[in-house]
Amino acid sequence: MSAPPAEDLLEEWKSEQERLRQQVVEVDTEDWQRKPDFSGLQRVGGMDLSFIKGDDFNACAQLVVLSYPDLKLLYEDSQMVTLTAPYVAGFLAFRETPFLLEALQRLRMKQPNLLPQVVFVDGNGLFHYREFGLACHLGVLSGLPCVGVAKNLLQVQGVHKSEEHQAQIAALQKGGDSFPLTAASGKVLGKALRSSDSSSKPVYVSVGHRISLDTAVRLTHSCCRYRVPEPIRQADCRSREYLRKHFPAADACTKE
DNA sequence: GCGACAG
DNA sequence: ATCTTGTCGC
């Protein structure tokens, strides 16, 4: 279906990532990030893309803004988009970021008062081959604080699904427990977090932009009703719902 | 050739 | 990402 990406394009993308990497701010920049109860934080965003089953190009781009700490819906935007870049592990941002930025731009235009103070992104931030995953990319280009939350482990910089890793997961006792994901260099690139008491499979949290890792992990835990933090979960549910409503069984009975 | 491969 | 309902268990 989609042509394999040319080698020189990947090299261009790498350069772009290495250039933008320099702009990532991996410390807390907001007052609320320093507060034990995050007082001052009122709006958290979540973004996601959902696809129709056999279609790699058309997707629903979703933005939700929830109140904090209640996690009630304040704003939502669903928009059908046509993707141009293929999915290549390590380059997810080149596929998705343009449409996430557009959604934020529509919000800035329509309801700037509802702009989220932090955005949860479905994917990694600094926990990435070149320390510049989707959450960093969106953070730097939007200027907003961003947190990356991946549902699956990307094996990067010496972190792998070893027995040691499995043992560390097994040692996570309750919601909020975590352990560091340490690169071969010694740098902690992210943390595996048990997001709730009832989910034994962790999520992988890393810094996107303008937030420290410890704050990102603490905030993620505080936004979890289920395994996936509520802003991302809502974005996922609502974009799927949009597709079900507007493209019901798009593949059934097409052959007569 | 084999494994890895965020979404 | 997507294919997929009910079911077993705490």
Side-chain angles (χ1 to χ4, degrees), chain A residues 1-2 4-5 10 13-14 17 46-63 78 80-101 103 119-139 146-162 165 173-175 181 183 189-208 216 220 226-229 231-233 235-244 247-252 254:
Chain A
M1 295 296 154
S2 50
L10 294 186
W13 283 354
K14 282 184 191 176
Q17 290 178 328
M47 311 197 73
D48 191 29
L49 263 61
S50 288
F51 295 79
I52 302 174
K53 48 181 171 177
D55 189 338
D56 290 332
F57 302 102
N58 297 297
C60 178
Q62 184 76 33
L63 167 62
S78 309
M80 287 307 296
V81 299
T82 301
L83 289 74
T84 53
Y87 169 67
V88 183
F91 301 95
L92 178 61
F94 293 93
R95 180 163 162 82
E96 300 196 349
T97 297
F99 308 101
L100 303 182
L101 286 170
V119 178
F120 283 90
V121 177
D122 199 350
N124 294 300
L126 289 179
F127 188 62
H128 177 271
Y129 304 122
R130 290 165 293 281
E131 299 184 16
F132 197 73
L134 176 59
C136 297
H137 210 121
L138 184 70
C146 284
V147 176
V149 180
K151 298 183 290 294
N152 293 102
L153 180 69
L154 183 63
Q155 305 199 144
V156 59
Q157 298 195 27
V159 179
H160 22 327
K161 298 177 183 172
S162 58
H165 183 78
Q173 295 298 305
K174 60 185 196 316
L181 303 168
L189 296 180
K191 287 193 175 183
L193 168 70
R194 177 161 183 155
S195 49
S196 74
D197 290 338
S198 55
S199 64
S200 58
K201 181 175 178 176
V203 294
Y204 298 94
V205 179
S206 59
V207 169
T220 299
Y226 303 100
R227 176 174 176 247
V228 174
I232 292 176
R233 202 179 72 87
D236 183 68
C237 291
R238 289 169 187 277
S239 55
R240 290 189 193 207
E241 183 179 17
Y242 183 93
L243 291 181
R244 283 202 309 273
F247 302 91
D251 83 315
T254 52

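The model shown is predicted, which means the values in this text are computed figures rather than measured ones. By convention in this document, chain letters (A, B, ...) are assigned in the order of the sequence lines, proteins followed by strands, and residues within each chain are numbered from 1.
- Using a 4.0 Å cut-off, no side-chain N or O of A:Arg95 falls inside it from OP1 or OP2 of C:dA1.
- Listed candidates were B:dA4, B:dG7, C:dT2. Nearest to the side chain of A:Gln155 is B:dA4.
- Note: NE2 (A:His128) to C1' (B:dG7) measures 12 Å, nearest angstrom.
- Counting to the nearest Å, the P atom of B:dG7 and the CG atom of A:Leu92 are 8 Å from each other.
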The test is side chain to side chain contact (heavy atoms under 4.5 Å, CB included); show your working for A:Gln155 and A:Lys161 and say whether it passes. CA-CA 7 Å; A:Gln155 305 199 144; A:Lys161 298 177 183 172; 3.0 Å; yes
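- Going from atom CG of A:Asp48 over to atom C1' of C:dT2 covers 13 Å, rounded to whole Å.
- Among the protein residues, A:Asn124 comes within range of the nucleic acid bases, having at least one heavy atom under 4.0 Å from a base atom.
- Residue A:His160 is classed as having no contact, given no heavy-atom separation below 4.0 Å to the nucleic acid.
- Contact detail for A:Trp13 and A:Pro86: the closest heavy-atom pair is CH2-CD, 4.4 Å.
- Look at CG on A:Asp122: it is 8 Å from C1' on B:dA6, rounded to the nearest Å.
- A:Gly90 comes within 4.0 angstrom of a nucleotide base, judged by non-hydrogen atoms across all strands.
- Contact annotation: A:Tyr87 does not reach the phosphate of B:dC5 (side-chain N/O to OP1 or OP2, under 4.0 Å).
- Here C:dA1 presents its C1' atom at 16 Å from CG of A:Leu154, a figure rounded to the nearest Å.
- For the pair A:Lys151 and C:dA1, the criterion of a side-chain N or O lying under 4.0 Å from OP1 or OP2 is met.
- When each of A:Val149, A:Val228, A:Asp48, A:Val205 is checked for a side chain to side chain contact (heavy atoms under 4.5 Å, CB included) with A:Phe120, only A:Val149 meets the rule.
- Among the heavy atoms of the strands, none lies under 4.0 Å from A:Asp55.
- For A:Arg240, counting side-chain heavy atoms from C-beta on, the closest listed nucleotide (C:dT2, B:dC5, B:dA6) is C:dT2.
- At a threshold of 4.0 Å, the pair A:Asp122-A:Lys151 counts as salt-bridged, since one of the basic side-chain nitrogens sits closer than that to a carboxylate oxygen.
- A:Phe91 comes within contact range of at least one nucleobase, with a heavy-atom separation under 4.0 Å.
- The aromatic rings of A:His137 and A:Phe94 sit perpendicular to each other, their planes meeting at more than 60°, with 30° as the lower class boundary.
- Under 4.0 angstrom from either OP1 or OP2 of B:dC5 there lies no side-chain N or O belonging to A:Asn152.
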